There are 2 protein chains.
Amino acid sequence: MSSTYGDQMTTIKDVAKVANVSTATVSRVLNNSDKVRSATRERVNTVIQELNFIPNAAAVGLQRKKTKTVGLIFPDASAYCFAEIIQGINRHLSQNDHQILISSAHDEAEEIKIINGFVRGGRIDGLIMMMPSANGNNGFRIPLAYKIPEVFISCEINAPRSTTILLDNYNAATEMMEHLSKLGHKRIAFIHGGEHNYDAHERYRGYMDGMKAYPTDGELNLVVMGNFTESSGFQATLELMKRNPRPTAIFAANDAMAIGAIEAARALKLRVPADLAIVGFDDISSAAYMDPALTTVHVPLRRLGHLAAEAMLKNLKTNPADRTTEKIIIPLQHIIRRSCGSE
Amino acid sequence: MSSTYGDQMTTIKDVAKVANVSTATVSRVLNNSDKVRSATRERVNTVIQELNFIPNAAAVGLQRKKTKTVGLIFPDASAYCFAEIIQGINRHLSQNDHQILISSAHDEAEEIKIINGFVRGGRIDGLIMMMPSANGNNGFRIPLAYKIPEVFISCEINAPRSTTILLDNYNAATEMMEHLSKLGHKRIAFIHGGEHNYDAHERYRGYMDGMKAYPTDGELNLVVMGNFTESSGFQATLELMKRNPRPTAIFAANDAMAIGAIEAARALKLRVPADLAIVGFDDISSAAYMDPALTTVHVPLRRLGHLAAEAMLKNLKTNPADRTTEKIIIPLQHIIRRSCGSE
DNA sequence: CTGAAAGCGCTTACAG
DNA sequence: CTGAAAGCGCTTACAG
């Protein structure tokens, strides 16, 4: 039991001295080199245990040019979902002896600055980016010429040799439209989550194509812009219900806005689903406890995180030249509850 | 504009060569030493810009024995609140040129292992721990003899020279009890969040003392154990409503359980608040959009994170011998809405 | 199988 | 004000 924490770091030299070997040998047992006599190995390992020795990460990193840490960039927006994704990433990464360096950014300039610092400062071996707002036409371009593995979550950057992990938002949304259509709805409104948000945009695309595919009332524009908050869902619904003719169903791009929509319906004395069907997206934990229980699309956030970590680890192990460009699309499942009006 | 990212890291040597000075001089301008002629400084800075040079963190860390990174340990439980706290910490820390290395743990053994790795591996300069489950009697003891600054969130470890940041759960809970009592309730039930959870326990203490301080119906035990999830709040409420006499109000230790309780009341055809008042704790974003809108206690999570980061930065700057033991208690504010029945 | 030595990219007394 | 040199704690050819 070592007891002098803090004051003086124990180094490989201390171990070497006590075990009566050279630092090279200690390093070899540390790195499981096969060229160490097993008696020596045992002796050294005992001393390592006794001294509670852990190699200095900076020294190892300086030599190996590997930090065993992965950078994680996520948006400043405080969405509940990031916590879950991070948990999923962390679990898998830490089981595989990798650390996570996180940072959040609220705009592109900050993002680039952070990434640059991480990469050029040699702080990370790979980068996982959650940037739902890096969607298409807003011109987001991070410097992608780094030679480290990149995993993108919820954005289509299409960087060569990178892995992109996407939710199958589009198909889930069209299926939701089909469901609503089968229930007889012809005037289905959509509350958007933000033009530059990838997930919101894909859900919107699915909505639009659903509107074309299924019988609808003419050329009504029933799309209102929200921002993923309950309050924006509330406001959007108030606005939509002023339309003439009114929509008979609302598809909110996430559950928080759907919850705001339900509250707005109540404020307007409309019964959900009898007067107005409302559906969401995400399946947050409270969705089943709303009144009425919310019909939505389940998003497996931990699994998303796990897949990102898995992809990262795999790329970390493969030679840069052998890395492929991959796109992983996670199929999504409906959760039919009461708010849509099916029984 | 450098364009050879990745392949070859630019080092201080490259800068020195181009600027026609020694590496020592480059290092001096990097560290804002005053003993550099301003002409030299400018020339070097220009080259640094041109080469987009950022010092290798491992090399700097190895020399300085400072990593400019703070470790952040949080529980595996996927609570929404951690995301907010992390945002608060990150914002302040990154503005002050510090990184965050995160990891989550699901038990004490794992926690100790992670911390040990961080500290002895020299990966961090300070440690912020969110461990609401490290409450009192479950014997949690991490090795605290490290000489690095420690900030604890929502747990009372009382480590010397550490900073502890706590919510004023107790007083907020007694005030909530007073509020309920003033509304005429004498049989107030409590849904606990977990015996070993610090916040839950303090809220429970406030509840208990409130039950003593205000007129109540005899010696009824109206406490049921939950686990902070909607479903546990739902179950607890079902159980409580079998009691005879029934409680007239339920105080849930968090909003998620209060939401579950509201749903349970609906299932039992009880009107909230007319038949049963329900209040929560946290003020999550959807609390205002429940039916009825949830009376609760607002918890300023970002501010909590900000305070933790602030304390960390302060301790990082002060000599270990001059560090004091501090406890910061954040006062909490009620949000009276409709679910408690006050109008 | 093991050790002496060089070197990873920085910083910092020490001289000048 | 500036540079040459040592050293932070490791790893890894190179010899033996």
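Reminder, nothing fancy here: chain letters follow the sequence lines and each chain counts from 1. Note that this is a predicted model, so its numbers are computed, not measured.
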Looking just at side-chain N and O atoms, do B:S104 and A:Q87 make a donor-acceptor pair shorter than 3.5 Å?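 Present: a donor and an acceptor within the cut-off.
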Between [X] and [Y], is there a side-chain N and carboxylate O pair less than 4.0 Å apart?
{"X": "A:K314", "Y": "A:E326", "answer": "yes"}
{"X": "B:E84", "Y": "B:R91", "answer": "no"}
{"X": "A:E150", "Y": "A:R161", "answer": "no"}

Whole-Å distance between C:dG3 P and A:K17 NZ?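 Between P of C:dG3 and NZ of A:K17: 15 Å.
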Roughly, in whole Å, what's the span from CG in B:D14 to C1' in C:dC8?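 To the nearest whole Å, that distance equals 14 Å.
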Nucleic acid footprint by protein, nucleotides 9-16 of chain D - heavy-atom cut-off 4.0 Å, B for base, S for sugar-phosphate alone: BBBBB---
Side-chain donor or acceptor of B:D14 paired with backbone N/O of B:T11 under 3.5 Å: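 Yes.
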In whole Å, measure the gap between the C1' atoms of D:dG16 and D:dT12 for me.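 Here D:dG16 and D:dT12 have their C1' atoms 16 Å from each other.
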I want to check something: taking the side chain as every heavy atom from C-beta on, are B:T40 and B:T25 in contact at a cut-off of under 4.5 Å?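 Yes, close enough: below the 4.5 Å cut-off.
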Show me the pairs that pass ring-ring contact (aromatic ring centres under 6.0 Å, His included) and involve residues 43-74 of chain A, at least two apart or across chains.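 Not a single pair qualifies under ring-ring contact (aromatic ring centres under 6.0 Å, His included).
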For the residue pair B:K65 and B:D125, what are the closest heavy atoms and their distance?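 Heavy-atom minimum between the residues: O-OD1, 4.5 Å.
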Anything below 3.5 Å on both distances counts as a pair; with that, list the stems of at least three consecutive Watson-Crick or G-U pairs involving DNA chain C.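 Listed by first number, the stems are C:1-3 with D:14-16, C:5-12 with D:5-12, C:14-16 with D:1-3.
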